[in-house]
Amino acid sequence: MATELAKQYDPKEAQQRWLHFWNENKFFHSDPDANRKPFTIVIPPPNVTGALHMGHALNNTLQDVLIRWRRMQGYNALWMPGTDHAGIATQAMVERRLAEDEKKTRHDVDRDELVRRIWQWKDQYEKRIIGQLRELGCSCDWERLRFTLDPMCARAVRQTFFQMFKDGLIFRGKRLVNWDTHLQTSVADDETYTEDTKSGFWTFKYQVRGGPGASATGEFIRFSTTRPETMLGDTAVCVHPSDERYKHLIGKTVTIPLVHREIPIIADGLLADPTLGTGCVKVTPAHDPNDYACSQRNPQIGIINILNPDGTINENGGKYKGLDRYKAREAVVADMEALGLFEGKEERIIPLKYSDRSKTPIEPYLSDQWFVKMGDLPAAGGEAPNATPPAANGGLARMAMEAVENGQVKFFPERYKNSYLDWLAEKRDWCISRQLWWGHRIPVWVMMDAAKGSLDEIKARLGRLKELRTKYAQVLVVNTAETEAAKAVGPHGQELTPFRFLACVAPGAEDVERELEAIGFVQDPDVLDTWFSSMLWPHSTLGWPEKTSELAYYYPTNVLVTSRDIITLWVARMVIAGLYNVGKVPFHHVYIHSKILDGFGEGMSKSKGNGIDPLDIIDRYGTDALRFIMVHLSTETQDSKMPVANVCPHCDTLVPVKQEHLSMRTRKVTCPNCKKPFRPGGPWPAADPELPTAKQASDRFDQGRNFANKLWNAARFLLLNLEGYRPGAIRPEELPIEDRWILSRLATTTAAVTEMLEGYKFSEAIRHIYEFTWSEFCDWYVEMSKGRLRDEAGRGTVQRVLVGVLDAILRLVQPVMPFVAESIWQTLNEVAPERSLPLAGIAERSVVIAAWPSFPAAWIDAATEARIARMQELVRNVREVRNRYMVDVKTPLNVSVRCSVSAADDFRALQPFIASLAGVGALHCGPDTTKPRQSATIVHPEFEAYVSLAGLIDPTAEVKRLEKQLAEKVKHLQGTRAKLSNASFVDKAPADVVQQQRDFVVELQNQIQTIESNLKELRHAAQE
RNA sequence: GAUCCCGUGGUCCAGCGGCAACGACGGCCGGUUUACACCCGGGCAACGAUGGUUCGAGUCCAUCCGGGAUCACCA
């Protein structure tokens, strides 16, 4: 009857088997259901280009723990999965491949073709990363898999954009972008890197003029720059307002000799730093972020762009037009020198920004972009109908701040709400356009040159537009506000209505789009920032803007689990979008987990090459081991360091990763054992077909693997002893003390674990489970059960308790270690399908849908726990004595215990356990017990035990040991007495603390007395 | 530069004002009898520095030192 189990748990077999089983049974599928309460989590969608790394493993394990736990609690649990199109990263990957494989740029294929290729790429990599998440055991509802670019999300994006446009929250503005002149595209900050580069540092001077149009004063003003060519686009010279050297020059002007433009000398405390350079700085708003900011503060100076997209100088550069910017630099320097205005050049090392893709220097470049207004809205009125009340008052940022301030959204740990609030408080407008082809195309059509053509043509066009606006008022918004002020002049000198129109079309109105195009509108070529679609994730995945039953049932979701680096980019924006679109926060809780750092305390990243591939860990230690460790290290405070080793692919030696292996691009390590080279492993291996790649390992995961195996073997022990198992009720009051003890501990543990999970204390929860399983159930209860399993009378009961407790352990551990739990559960179901805990009945057909345990508070029995604890103390102490005097376990020891009558009764009742656990032969106990000659003494507050050791003690050595011990005790006693003689301690400390100290003194005195009497005896013996 | 986080045995960590600081890994000693050498028992070993608050500080406050993260910036 006994089902045979292998001696060791085989994670691989279990993983494959149960993933299939769970999937077939649709345990993780959820539909709205009126009888149950929902519990919803949306996954932070991983990037489709990415491979799973440790951060994903941590993030998704924690979500899975929560969702599995709530599912067991009877909630209708939905974990919505999906992936993110991640505009820049994904397009960059495909473009890079295009360049490598076919030596083409995206301009060589066309927009449609590039997008088609990216979709192909996406399908392939989405499959991979979703497969990896499944391997992790994530219990997502895979039937609901979403993608931020799929039709459902696209519709939500269009609807949101349309509404915001209508409400006047989306506007057109200028912004400096990182311009890659080689690829002629803008690149995101995280697609650039900064490298120290040798550069010149030139100093020039301008002649100062008395004021606009006035003549030269004869004075010169000196300034330095690393980019002399930008001088052509300067619109001011700036000094610090309190800089005495230049105060008198403020308001005067200079003329840039090379372009003959007169520009003012202005004061700006934020831009100019008197301690740097000459203290005077040229201002080039179109080509420097700081200067741009300065021009925002001083709009009168203006902005002049001098660059073409290819990095050559444009018509604003006068005679330098057409020159490459570096050629122009040389020319400018030479010309200034010829004019006698060149003061000198130094060589300097400066940090220069490069494009990661073309490896060429970035140029800051001013361009037209779309923005979302975050700050206060202009006074109500105007064209915006303001259909959505939340945005009406303080603007989007304010609205999202309030959701956290008034507790609708709570952060765990709470301190992270500071990052959220601080960032939103800046109310910086959000630039949402990206010069890419992969993403949601901006749904705005532009008519640039409405005023071109004959008067009749213009009239016809404008008339047609007017018709469209009236006819399609519901789905078409035309914004003219931007250019209202700039009246255009028609070909015949007449004043026209604004010459540029921006039309935004609601989703699902393709016919309107075509009609717009027919009268000369062209769709904006840019796409939206990825976060624009990500921010809609909690409601777009549920079907919004349709009023779906899913949206009504699952929204708002319960908790968002993420890492702290996207609190601003993502969390804050989701709150904004949720409130704006649905009128409700997207989630009630935000749990921010720690980060996993490498062995040297640094964050893991692709560029550092210091990641760990979770699949290697799964391969070597099992998924449950990985998950156990992820949960175990999720404490509230610390990020965790994770030292890692490479497993040499030639000889299987573990080669610890050293810091020098990480320095950017170390791609080769030599095995210290077999001296052969290999490539270090990780989630981001470089392409290098020449070398075999190592797998990764880290002994941090031993504990997890060992625990899975421990569970397995505890189950194995039970199954070997379940012959004749009969289900039946368990009533603690009828059970022997050890049973009542383990049930008491189980009830305590279960309550604690539930509470810990409710507070997102993952690490503490798994600690409790681990401790209970290993140190109480396995180490003590299973050992104590062995006698009764052999005994006809007790066997039935103890089997039921063993099965019941194991059942509960499996339920508790399932959220964290589902595979081993299911393996054991299924085996147990074959032998003991009907169990007695927590309720009598047939066990569920899978542990993943089993009920979360909960036990009567009455089972918690402090008196019983104390009695077993006393026995454990005795056993531990006898073991210690045995160890100290090197007594074989096979040699029974005789023990006498002096203790109260009731304690003696307990000890006698527990004698079989004391005998088997500590190898005790005869046990005498009672108040009158005396110390036999030549015995070791165990002193405990409740008893004193003597272990007979005739002939086994070396009196001389023992005297030394006891003297040392005595000295320590005396010292401690003195310290405690001193504390008690301190009047303020006795006065001010709580009574129980004082009493503790008093009890402690008594205890110490007893111990000292015992040691002294033992010493006396031993000294006597030593003399003989 | 601003904000935040963290410094505890050799390594990785717990600790949320009160009996001589919890574990894991490694190293040490010993054992392994009918679940488990991925086992069992035992022992060794630690609060970054200086001040302060308090009867009492690893824990709270300040300063410093060291590490990290985020944001800004370096003419």
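Just so it is clear: chains get the letters A, B, ... in the order the sequence lines come, proteins before strands, and each one is counted from 1.
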- Message: Does B:C39 have OP1 or OP2 under 4.0 Å away from a side-chain N or O of A:N706?
- Response: yes
- Message: Under a 3.5 Å cut-off for both contacts, is B:C22 paired Watson-Crick or G-U wobble with anything, and if yes, with which nucleotide?
- Response: none
- Message: Students often get this wrong, so: under 4.0 angstrom with heavy atoms, is A:R879 touching a base, only sugar-phosphate, or nothing?
- Response: sugar-phosphate
- Message: For nucleotides 2-13 of chain B, give me one character per nucleotide, 5' to 3': B if any protein heavy atom sits under 4.0 Å from the base, S if the only such contacts are to the sugar-phosphate, - if neither.
- Response: -S-SSS----SS
- Query: With no hydrogens and no angle check, do the side chains of A:T230 and A:K282 hold a donor and an acceptor under 3.5 Å apart?
  - Reply: yes
- Message: Please classify the nucleic acid contact of A:R876 as base, sugar-phosphate, or nothing, using heavy-atom distances under 4.0 Å.
- Response: sugar-phosphate
- Partner of B:A49 by Watson-Crick or G-U wobble geometry, both contacts under 3.5 Å, or none? B:U63
- Query: Starting at the 5' end of RNA chain B and moving along, which residue's nearest nucleotide shows up first, A:W774 or A:L633?
  - Reply: A:L633
- Task: Can you spot which of A:F707, A:Y621, A:F628 makes a ring pair (Phe, Tyr, Trp, His ring centres under 6.0 Å) with A:F701?
- Result: A:Y621
- Could you tell me whether the side chain of A:K7 has a donor or acceptor atom within less than 3.5 Å of a complementary atom in the base of B:C36? no
- Note on the structure: Sorted by chain and residue number, the side chain to side chain donor-acceptor pair (under 3.5 Å) partners of A:T226 (sequence neighbours excluded) come out as none
- Message: Please give the distance between the C1' atoms of B:U8 and B:C22 as a whole number of Å.
- Response: 12 Å
- A:E755, CD: over 12 other non-hydrogen atoms inside 6.0 angstrom: no
- Message: Tell me every residue that passes ring-ring contact (aromatic ring centres under 6.0 Å, His included) with A:F819, counting only those two or more places apart in sequence or in another chain.
- Response: A:W22
- Please determine, for B:A2, whether a Watson-Crick or G-U wobble partner exists with both distances under 3.5 Å, and give it or none. B:U70
- Message: Let's test your reading of the model: under 3.5 Å, does the base of B:A35 pair with the side chain of A:E783 as donor and acceptor?
- Response: yes
- Item | A:D992 and A:Q996: side chain donor to acceptor below 3.5 Å | no
- Query: Using purine N1 to pyrimidine N3 plus N6-O4 or O6-N4 for Watson-Crick, or N1-O2 and O6-N3 for G-U wobble, each under 3.5 Å, what pairs with B:C16?
  - Reply: none
- Item | Below 4.0 Å: OP1/OP2 of B:C73 and any side-chain N or O of A:K353 | no
- Given that A:F707 and A:F1000 both sit by RNA chain B, which one's nearest nucleotide is further toward the 5' end? A:F1000
- Query: Just how far is it from atom CE of A:M336 to atom OG1 of A:T203, taken to the nearest 0.5 Å?
  - Reply: 11.0 Å
- Base of B:C38 paired with side chain of A:Q8 (donor-acceptor, under 3.5 Å): yes
